[in-house]
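A short write-up of the structure that comes next.
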Amino acid sequence: MLKKRSEGKKMRNLLILGAGGHGHVVAETARAMQDSEGNPIYDKIDFLDDLKAEAIGKLQDLPLFKKEYQEAFPAVGAYGKRMELYTRAKRFGFDVPVLVHPEAYVSPSAKIGEGSVVLPKAVVHTEAQVEKGCILSIGSLTEHGAILEEGVHLDCGAIIKGSRIPEGEKIPCGMVIENQNMDRKEKAKN
């Protein structure tokens, strides 16, 4: 049974930009999030998508929903498209939240950029830095001091320890990266 939002609390509605598989994962994460009183964080969660019938509109319609939805979240797996949707949401005045599933652990000293999602059983440890637009999939580990640049996607069970992962990289399921601090220029040389 859902609890009612306390009097005086501001209504929060979320538009998820993309209704594919990742969009549904993001929606489940947003639905699982609760405030300190155990109430859902979001009053309403809907999709915009160019192909899916369940969407309430097309991605190009984003500005038309600004009065009803305060927040928008780019929920596509492809890095370039995800960051394009992030930029559009910001340009039209939407807040782009950080979504953290209640079964994930995020250290109080970690920093997570807006438009990032931390899925169940993922860990973001002490002083880790996760820039905007990142996806931290189920069971991934971002160890202390690691840096994930903009748009990084850690797939299920990926482990990053003592490393900097360059912008837009996708780290496959189960991969372990330890003590690598390569930026895109260094990577291009190799």
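Just so you know, these numbers use all the heavy atoms, side chains as well, and skip hydrogens, waters and symmetry mates.
Between Glu169 atom CD and Glu149 atom CD the span is 9.5 Å, to the nearest 0.5 Å. Interatomic distance, CD1 of Ile138 versus CG of Leu154, reported as 13.0 Å (0.5 Å rounding). Note that CG of Leu148 and OG1 of Thr142 are 4.5 Å apart. Values are rounded to the nearest 0.5 Å. Atom NE2 of residue His125 and atom OH of residue Tyr105 lie 5.5 Å apart, to the nearest 0.5 angstrom.
For Pro172 against Ala158, the heavy-atom pair with the smallest separation is O-CB, 3.8 Å. Minimum interatomic distance between Cys156 and Ser137 (heavy atoms only, all atoms of both residues): N-CB, 3.5 Å. What you find for Lys66 and Gln70 is that their closest heavy atoms are NZ-O, 4.1 Å. What you find for Ala27 and Ile45 is that their closest heavy atoms are O-CD1, 4.4 Å. Smallest separation of non-hydrogen atoms from Ala128 and Glu143: CB-O, 3.8 Å. Of all non-hydrogen atoms in Ala89 and Ala72, the two that sit nearest each other are CB-CB, 4.0 Å.
In this structure a side-chain-to-backbone donor-acceptor pair under 3.5 Å is present from Asn13 to Glu68. Distance alone, capped at 3.5 Å, is enough to place a donor-acceptor pair between the Asp49 side chain and the Leu51 backbone. Asp43 places a side-chain N or O within 3.5 Å of a backbone atom of Arg12 that can act as its donor or acceptor partner. A distance-only check finds a donor-acceptor pair linking the side chain of Ser163 to the backbone of Asn179 [under 3.5 Å].
Both Met175 and Val124 belong to a single network of hydrophobic side chains, linked directly or stepwise wherever heavy atoms of I, L, V, M, F, W or Y lie under 4.5 Å apart. In this structure, Leu141 is not a member of the same hydrophobic cluster as Val98, with clusters built from ILVMFWY side-chain heavy atoms closer than 4.5 Å. At a threshold of 4.5 Å between side-chain heavy atoms, the hydrophobic network of Ile, Leu, Val, Met, Phe, Trp and Tyr places Leu14 and Val25 in one connected group. Met33 is connected to Phe73 through a chain of hydrophobic side-chain contacts under 4.5 Å among Ile, Leu, Val, Met, Phe, Trp and Tyr, so both are in one cluster. No continuous path of ILVMFWY side-chain contacts below 4.5 Å connects Ile159 to Leu136, so the two sit in separate hydrophobic clusters.
A heavy-atom distance below 4.5 Å is found between the side chains of Lys170 and Asp155. At least one side-chain heavy atom of Arg88 sits less than 4.5 Å from a side-chain heavy atom of Pro63. No side-chain heavy atom of Gln129 sits under 4.5 Å from any side-chain heavy atom of Arg164. Residues Ile135 and Arg82 meet the side-chain proximity criterion, which asks for heavy atoms closer than 4.5 Å.
Ion pairing between Lys81 and Glu84 holds under the 4.0 Å rule for side-chain N and carboxylate O.
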Donor-acceptor pairs under 3.5 angstrom involving side-chain atoms of residues 106-120: please list them, not counting sequence neighbours.
residue, atom, partner, partner atom, Å
Ser107, OG, Ser109, N, 3.2
Ser107, OG, Ser109, OG, 3.1
Ser109, OG, Glu127, N, 2.9
Glu114, OE2, Tyr86, OH, 2.5
Glu114, OE2, Lys90, NZ, 3.1
Ser116, OG, Gly113, O, 3.0
Ser116, OG, Glu131, O, 2.9
Ser116, OG, Gly133, N, 3.3
Ser116, OG, Cys134, N, 2.9

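Annotation: Lys52, atom NZ; neighbour count of heavy atoms from other residues, nucleotides and ligands within 6.0 Å does not exceed 12.
With sequence neighbours excluded, the residues forming a ring pair (Phe, Tyr, Trp, His ring centres under 6.0 Å) with His24 are Phe47, listed by chain and number.
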Exercise for the section: Give the C-alpha distance, both sets of side-chain angles, the deciding distance and a yes or no for side chain to side chain contact (heavy atoms under 4.5 Å, CB included) between Met83 and Lys132. Expected result: CA-CA 9 Å; Met83 298 317 295; Lys132 68 184 176 188; 3.9 Å; yes

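Phe94 forms part of a hydrophobic cluster together with Leu15, Leu17, Leu48, Ile56, Leu59, Leu62, Leu64, Phe65, Tyr69, Val76, Leu85, Phe92, judged by ILVMFWY side-chain heavy-atom separations under 4.5 Å.
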